[in-house]
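Encoded as structure tokens, the structure appears first; notes follow it.
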Amino acid sequence: MPELPEVETILRGLVPYILWAKVDQSIIRCKKLRWPIPEDLNSCIAGQTILELSRRGKYMLFRLETGTLIIHLGMSGRLCFLNNDEPAKKHDHVDIILTQNGMLRYTDPRRFGAILWTTENPAIHPLLSALGVEPLSEDFTAEYLLRCTSNRRMAIKPLIMAGKIVVGVGNIYAAEALFLSGINPSLPANLLTYTQGEKLVAMIQQVLEFSITQGGTTLKDFVNSDGLPGYFAQKLNVYGRGGLPCVVCTKALTTCMLGQRSTVFCAHCQPEYYP
DNA sequence: ATGCGGACCTGTTAGC
DNA sequence: TGCTAACAGGTCCGCA
């Protein structure tokens with residue numbers, strides 16, 4: 001499941017292959033994704049040069065001449081640069097064939113992803129307009145976080161995952177950052193102290209940045225689609241380790257559900273708040 | 001406005 | 001062994 005570091009890694013890897021390339025045509029094999037792929041996708045993008053690749057949260061933005069392709073990988077989506085003669089497999093939804101050699105192939109078995117087209121500034125697109133700040137930007141500070149959490153009673157973990165305050169913090173990185181910050185995932189957000197907020201901001205940035213660094217090392221492999229996601233290379237302290245010993249205190253890690261998400265934490269290192 | 005639960009979808013794993 | 005059921009994941013939507 002691609003999180004922000006994976007999306008960033010994929011984007012960086014694609015730049016040398018597709019920036020300034022021209023779209024010859026696109027082929028839709030299966031338009032069913034989270035929203036249907038626009039029927040007229042081909043007429044929207046054919047013949048246009050890819051002018052810019054960027055990212056907003058986990059949304060990839062391919063700016064063409066008359067509009068922008070918005071691509072989300074959901075949880076099982078992949079975007080690979082392949083030779084034109086690569087045979088299509090079961091869950092290959094779309095090919096974007098370039099006039100030079102090669103094509104971009106979108107694959108998504110679980111269909112949680114999206115491919116959309118907008119002729120407007122993507123920043124005002126309904127999917128992007130309400131997103132929180134980029135976690136690795138200078139806008140993401142303890143002051144900002146505290147301003148956002150001060151009147152919210154919701155648990156801190158689902159709140160930082162919701163994407164309204166900060167984007168790109170999925171279940172894995174939320175759990176890891178909270179562990180490294182010593183903050184209980186259930187802590188009501190309004191009780192977050194400034195010191196905790198500082199720590200949390202720093203740890204979110206640390207785990208994401210480290211993961212991007214790791215992703216970079218497998219960059220050349222991803223083109224063949226067998227590159228390991230960054231978080232596999234990353235040492236995970238809590239995610240997926242419920243019941244196993246805490247790497248710090250050796251007590252068994254606790255698993256709970258929070259906002260319908262499995263959540264692992266150390267009850268000793270991330271003590272609960274008692275009112 | 002806030003916050004919660006439901007929906008989407010299917011490959012993988014656990015349990016019978 | 002073969003089947004079924006639960007689970008995982010990100011994000012939007014609708015209802016209280």
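We name chains A, B, ... by the order of the sequence lines, and we start the count at 1 in each one.
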Whole-Å distance between dA6(C) C1' and Met257(A) CE?
-> 11 Å
Lys90(A) atom NZ is separated from dT10(B) atom P, nearest whole Å, by 8 Å
Write down the distance between NE2 (His72(A)) and P (dC8(B)), rounded to a whole number of angstrom.
-> 19 Å
Electrostatic pair Asp92(A)-Arg29(A), nearest N-O below 4.0 angstrom | no
Give the rounded distance in Å between these two atoms: CD of Glu3(A) and P of dG10(C).
-> 5 Å
Please check if any side-chain donor atom of Ser181(A) sits under 3.5 Å from a side-chain acceptor atom of Gln196(A), or the reverse.
-> no
Would you please confirm or rule out a distance under 4.0 Å between OP1 or OP2 of dG10(C) and any side-chain N or O of Tyr173(A)?
-> no
What is the distance from CG of Asp108(A) to P of dT10(B), rounded to the nearest Å?
-> 10 Å
Between Leu131(A) and Arg110(A), which has a closest nucleotide on DNA chain C that is more 5'?
-> Arg110(A)
Specify the separation, in whole Å, of atom NZ of Lys32(A) and atom P of dT10(B).
-> 6 Å
Quickly work out the Arg111(A) CZ to dT11(C) P distance and round it to whole Å.
-> 20 Å
Mapping Arg34(A) and Pro109(A) to their closest nucleotides on DNA chain B, which lands nearer the 5' end?
-> Arg34(A)
Expressed in angstrom and rounded to an integer, what is the separation of Arg261(A) atom CZ from dA8(C) atom C1'?
-> 8 Å
Say whether Lys157(A) and Asn184(A), considering side chains only, have a donor N or O and an acceptor N or O under 3.5 Å apart.
-> no
Asp24(A) and Thr99(A) side chains, donor-acceptor separation under 3.5 Å | no
Side chain of Glu52(A), backbone of Phe62(A): donor and acceptor closer than 3.5 Å?
-> no
Compare the aromatic ring of Phe112(A) with the six-membered base ring of dC8(B) and state whether they stack according to the 5.5 Å and 30° rule.
-> yes
Pick base, sugar-phosphate or nothing for Leu73(A), based on heavy-atom distances below 4.0 Å to the nucleic acid.
-> nothing
Residues touching DNA chain B, which here means a heavy atom under 4.0 Å, drawn from residues 144-160 of chain A = Arg152(A), Arg153(A), Met154(A)
Hey, is Glu39(A) close enough to Lys31(A) for a salt bridge, meaning N to O under 4.0 Å?
-> yes
Would you say a side-chain N or O of His91(A) is under 4.0 Å from OP1 or OP2 of dC9(B)?
-> no
Could you tell me how the ring of His93(A) sits relative to the ring of Tyr106(A): parallel (under 30°), tilted (30 to 60°) or perpendicular (over 60°)?
-> perpendicular
